[in-house]
Number of protein chains: 2
Amino acid sequence: ILRFEAAQRVYGSGEHAVTALGPVSLTVGAGELLAIMGPSGSGKSTLLGLAGALDQPTAGRVLVQGRDLAALSGHALAALRRRAVGYVFQDLNLLPGLTALENVALPLELDGVALPEAREVARAALEQVKLGGLAARFPDDLSGGEQQRVAIARAFVGPRVLLLADEPTGALDSVTGELVLGQLRAACDAGRSAVLVTHDAAHAAWADRVLFLRDGRLVADRPAAVR
Amino acid sequence: ILRFEAAQRVYGSGEHAVTALGPVSLTVGAGELLAIMGPSGSGKSTLLGLAGALDQPTAGRVLVQGRDLAALSGHALAALRRRAVGYVFQDLNLLPGLTALENVALPLELDGVALPEAREVARAALEQVKLGGLAARFPDDLSGGEQQRVAIARAFVGPRVLLLADEPTGALDSVTGELVLGQLRAACDAGRSAVLVTHDAAHAAWADRVLFLRDGRLVADRPAAVR
Ligand SMILES: Nc1ncnc2c1ncn2[C@@H]1O[C@H](COP(=O)(O)OP(=O)(O)OP(=O)(O)O)[C@@H](O)[C@H]1O
Ligand SMILES: Nc1ncnc2c1ncn2[C@@H]1O[C@H](COP(=O)(O)OP(=O)(O)OP(=O)(O)O)[C@@H](O)[C@H]1O
Ligand SMILES: [Mg+2]
Ligand SMILES: [Mg+2]
């Protein structure tokens with residue numbers, strides 16, 4: 001589903017160049033949950049940005065569903081982001097002018113799903129993260145953890161094959177965090193693939209494999225503990 | 001330094017009323033580090049907002065340095081927020097048009113500290129959270145955890161008597177998180193007071209006391225474990 005071939009990301013140039021990531025090579029298969037851990041600034045969000053076609057590598061290749069992202073048109077990339085890849089961003093990226101329900105329904109509507117159906121699916125996704133009663137709230141009227149769970153619900157809706165979650169439980173208490181990880185695991189057991197960035201070893205333990213980054217480089221790749 | 005007397009916060013009214021917090025009564029003495037834990041949506045950020053004069057209670061009283069916040073003019077409240085209380089917000093609130101250094105220096109400059117001195121103090125604060133090399137970066141060019149540490153540095157500068165930290169380590173790896181808690185502890189040992197909202201029991205263990213909230217109510221109040 002996802003492959004990195006010596007992918008690298010460098011910001012700036014010359015004496016100001018910052019190598020945020022790489023070169024990194026990795027593979028994520030169908031149904032696999034891959035966790036990525038590492039210190040602050042080690043390249044985790046950068047890696048997810050490349051995987052999700054939100055950014056391009058400075059060198060090397062990133063392939064999703066076997067296709068090199070650099071070879072896709074802007075239109076094809078947008079379609080991929082809209083349909084195939086779900087994101088939970090580190091800074092959430094909820095639209096403040098939309099309610100929780102509308103935020104979750106939006107990707108479906110953008111992809112042509114009729115409004116009533118999009119809203120129904122969105123409502124079910126909010127119920128799954130225990131937010132059904134808050135569907136009519138705007139993001140500013142929700143707690144930090146409630147906002148995070150809206151972002152999670154939005155990432156899950158639709159027939160996504162790849163879920164990218166950047167520290168999706170940072171603002172959640174441990175019970176709610178385990179609820180979310182259980183859902184991520186269930187999604188993978190049902191065939192989706194996911195890459196989870198986390199600082200929490202207990203959450204990484206839900207994964208099939210854990211990669212460790214430091215200063216943009218892979219320093220370890222090991223199976224997660226057997227649950 | 002901080003006292004809540006049956007303080008309550010209700011959003012909306014009538015059938016749409018949401019009791020986010022309270023009634024809550026509590027006291028934080030000089031040099032004390034108080035941790036607050038609880039599930040998502042239990043009222044933690046709401047409590048900090050009242051403590052920091054960013055919001056007003058619907059009922060009850062909040063006193064900082066013995067003064068009822070409701071009795072202070074807008075000017076006096078602004079001065080209190082600028083000088084006496086440091087915040088690390090859950091959504092960080094960094095100004096995107098300012099560099100890390102400028103963000104940290106800003107409260108000092110607004111309070112009349114001369115620019116060179118403000119910048120020197122800000123630089124030292126960034127060094128303390130291991131960000132000295134990134135002082136010239138804008139927030140968008142920093143990782144999530146680096147941004148969080150800029151927010152922490154900003155909260156510490158100046159002669160603040162009360163530090164309010166809303167999940168200040170959510171985006172940090174464990175080593176960096178412990179660094180920050182160590183500094184918060186050192187600030188309290190030097191006489192400041194702090195209220196730390198955290199989901200991490202290991203971080204709460206740095207506190208003198210831990211309060212637990214659930215559905216806006218205090219359900220437990222116990223000494224933290226001895227370190
Ligand atoms: N502006 C608002 N209008 C209505 N309800 C609100 C508003 N802000 C917060 N709430 C509600 O008040 C309750 C407490 O919110 P608060 O942000 O204090 O929770 P929290 O403990 O900080 O949660 P988290 O751990 O998720 O950050 C929640 O149920 C939330 O939905
Ligand atoms: N736009 C940018 N310009 C320059 N440097 C950047 C930019 N974005 C990120 N960086 C740098 O690249 C490195 C990796 O950033 P990245 O956001 O991937 O880290 P991270 O592992 O997600 O960290 P965190 O755990 O703090 O979120 C960091 O050193 C960061 O300062
Ligand atoms: Mg990151
Ligand atoms: Mg909160």
Undergrad: Select, from L172(A), T169(A), T176(A), the one with the greatest count of heavy-atom pairs under 4.5 Å involving chain B.
TA: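 Option with the top pair count is L172(A).
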Undergrad: Write down the atom of Q90(B), the atom of A171(A), and the distance for their closest heavy-atom approach.
TA: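 Minimum heavy-atom contact is NE2-CB, 4.1 Å.
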Undergrad: Counting only non-hydrogen atoms closer than 4.5 Å, does E146(A) touch chain B with its backbone (N, CA, C, O), its side chain (CB onward), both, or neither?
TA: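 When you check distances to chain B, atoms from both the backbone and side chain of E146(A) fall under 4.5 Å.
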Undergrad: Strictly less than 4.5 Å between heavy atoms, which residues of residues 33-41 of chain A line up against chain B? Please order them by number.
TA: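 The stretch touches chain B at G38(A), P39(A), S40(A), G41(A).
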Undergrad: Other residues, nucleotides and ligands only: do more than 12 of their heavy atoms fall within 6.0 Å of CZ on R3(A)?
TA: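 Atom CZ in R3(A) is not packed in, count stays at 12 or less.
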Undergrad: State the OG1-CG distance between T198(B) and D173(A), to the nearest 0.5 angstrom.
TA: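 Here the rounded value is 11.5 Å.
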Undergrad: Side chains of R137(A) and V18(B): does their closest heavy-atom pair fall under 4.5 Å?
TA: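 Yes - at least one pair of side-chain heavy atoms lies under 4.5 Å apart.
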Undergrad: Listed by chain and number, what are the side-chain contact (heavy atoms from CB on, under 4.5 Å) partners of R123(B), not counting sequence neighbours?
TA: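 Counting only residues at least two positions away or on another chain, R123(B) forms a side-chain contact (heavy atoms from CB on, under 4.5 Å) with L101(B), E127(B), A135(B).
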Undergrad: Return yes when atom CG of D215(B) has more than 12 non-hydrogen atoms of other residues, nucleotides or ligands closer than 6.0 Å, and no otherwise.
TA: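 Check fails, neighbour count at 12 or below.
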Undergrad: Please check this pair: side chain of H199(B) against backbone of S174(A), looking for a donor-acceptor N/O pair closer than 3.5 Å.
TA: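 Not a single qualifying donor-acceptor pair exists.
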